[in-house]
**Q** 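The structure follows.
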Amino acid sequence: MRDKVARAALVVLAWCCFLAFPAGATTVTYTMAAHERACFYGSALAENEKLAFYFAVQYGGSFDVDYEVKASNGRVVLSGEREQQGDFVLAAPAAGDLSFCFFNVAASFAEKTIDIDITLEHEASGSPWEASGLPDPTQRSTSQQQAAADTAPARESAERLRGLLARLERGQRYFRLRENRNFQTVRSTATRVFWLAVTQTAFTVLVAAAQVAAVRAMFGGAGGGARRARV
């Protein structure tokens with residue numbers, strides 16, 4: 001019984017350790033108006049902290065957008081024009097707020113829906129415990145170090161699980177993006193086929209009317225000349 005209670009306590013402690021260092025993430029789906037500039041922000045705790053930045057245009061126009069990532073010191077970290085999607089892992093050049101801005105200036109009237117995911121993993125180049133503000137576990141008591149060692153397998157399993165979930169989410173985003181773009185292609189093709197059919201029908205009616213008018217004018221003119229000749 002005591003062994004079961006101890007194992008349960010270790011599992012709870014492992015999850016507490018796992019949740020003590022959460023990845024700060026911002027995931028939004030935003031609809032931009034024409035000529036709009038939209039910015040989102042994330043805070044880096046330390047210099048060289050790892051950041052994951054993902055965006056994809058789901059709907060609107062040619063599925064492209066301009067973007068710019070700027071650090072707190074004003075340095076432009078990333079930028080691009082007329083991009084449909086992007087997936088980047090980078091290091092913050094300085095601690096502080098980073099801006100992730102999007103520009104829909106190329107579209108004169110089309111709205112665009114963008115999926116945005118900004119993840120701050122709080123993994124500084126030095127000790128991650130320093131970045132989190134918590135004491136270093138190497139300076140703890142022997143019993144605490146032993147407890148941390150006992151929960152290490154549970155933390156590793158949780159990390160693997162989080163990695164698998166991230167891969168699953170990435171796959172879902174990819175299939176959603178491909179489905180939206182394929183549907184947009186089908187809708188655009190259907191619209192073009194409709195107007196092509198309308199144009200062909202109108203052209204056929206005009207040609208038929210012109211032929212009827214030409215035949216009537218031809219035979220009507222010949223009959224009138226014959227009557228005048230008999231008189």
Side-chain angles (χ1 to χ4, degrees), residues 22-44 50-71 75-92 97-121 160-211:
T26 301
T27 303
V28 296
T29 299
Y30 185 76
T31 300
M32 297 184 63
H35 302 289
E36 181 182 357
R37 171 191 172 103
C39 293
F40 304 86
Y41 299 89
S43 298
K50 294 181 182 178
L51 308 173
F53 172 49
Y54 167 86
F55 74 91
V57 182
Q58 296 286 348
Y59 303 99
S62 300
F63 294 91
D64 57 1
V65 71
D66 301 340
Y67 70 93
E68 181 183 75
V69 180
K70 187 177 293 186
R75 174 185 171 186
V76 177
V77 183
L78 283 174
S79 64
E81 296 181 356
R82 305 183 69 87
E83 297 286 344
Q84 294 184 343
Q85 66 183 86
D87 194 355
F88 310 97
V89 177
L90 58 147
D97 292 338
L98 292 95
S99 62
F100 303 81
C101 296
F102 298 89
F103 312 93
N104 191 22
V105 296
S108 58
F109 61 89
E111 292 184 347
K112 294 179 182 178
T113 301
I114 309 175
D115 281 349
I116 306 167
D117 188 358
I118 304 170
T119 303
L120 309 174
E121 298 188 55
R160 287 195 297 268
L161 179 60
R162 184 167 65 176
L164 292 175
L165 291 176
R167 290 177 58 186
L168 178 62
E169 184 180 6
R170 187 181 299 271
Q172 289 178 335
R173 287 175 179 171
Y174 169 75
F175 286 114
R176 178 187 176 189
L177 178 62
R178 190 174 68 175
E179 179 184 3
N180 290 337
R181 291 180 180 174
N182 290 342
F183 180 75
Q184 181 69 18
T185 301
V186 170
R187 185 166 58 181
S188 176
T189 303
T191 302
R192 294 178 181 179
V193 169
F194 170 77
W195 287 112
L196 177 62
V198 170
T199 303
Q200 288 179 340
T201 303
F203 182 75
T204 302
V205 171
L206 289 176
V207 170
Q211 290 177 345

**Q** Taking all non-hydrogen atoms of both residues into account, name the closest pair between R176 and Q58 and its distance.
**A** O-OE1, 3.9 Å
**Q** Could you tell me if the side chain of V57 sits less than 4.5 Å from the side chain of Q84, heavy atoms only?
**A** no
**Q** Would you please name every residue forming a ring pair (Phe, Tyr, Trp, His ring centres under 6.0 Å) with Y59, sequence neighbours left out?
**A** none
**Q** With E83, which residues qualify under side-chain hydrogen bond (donor to acceptor under 3.5 Å, both in side chains), at least two apart?
**A** none
**Q** Identify, with sequence neighbours excluded, every residue that meets side chain to side chain contact (heavy atoms under 4.5 Å, CB included) alongside V198.
**A** F194, W195
**Q** My understanding is that only residues two or more places apart in sequence, or in another chain, count here; which of them pass side-chain hydrogen bond (donor to acceptor under 3.5 Å, both in side chains) with S79?
**A** none
**Q** Atom CZ of residue position F183 - does it have more than 12 heavy atoms of other residues, nucleotides or ligands inside 6.0 Å?
**A** no
**Q** According to salt bridge (charged side-chain N to carboxylate O under 4.0 Å, His left out), who are the partners of E169, at least two apart in sequence or on a separate chain?
**A** R173
**Q** Can you find a side-chain donor-acceptor pair between E36 and N104 that sits under 3.5 Å?
**A** no
**Q** When the ring centroid of F40 is compared with that of Y30, is the distance short of 6.0 Å?
**A** yes
**Q** Considering residues at least two apart in sequence or located in another chain, which fulfil the ring pair (Phe, Tyr, Trp, His ring centres under 6.0 Å) criterion with F53?
**A** F55, F100
**Q** Of the non-hydrogen atoms in C101 and R37, which two are nearest, and what is the gap between them?
**A** SG-NH2, 3.6 Å
**Q** With rounding to the nearest 0.5 angstrom, report the CG to CG distance, L90 to L98.
**A** 7.5 Å
**Q** So I116 and F102, do their side chains get closer than 4.5 Å, heavy atoms only?
**A** yes
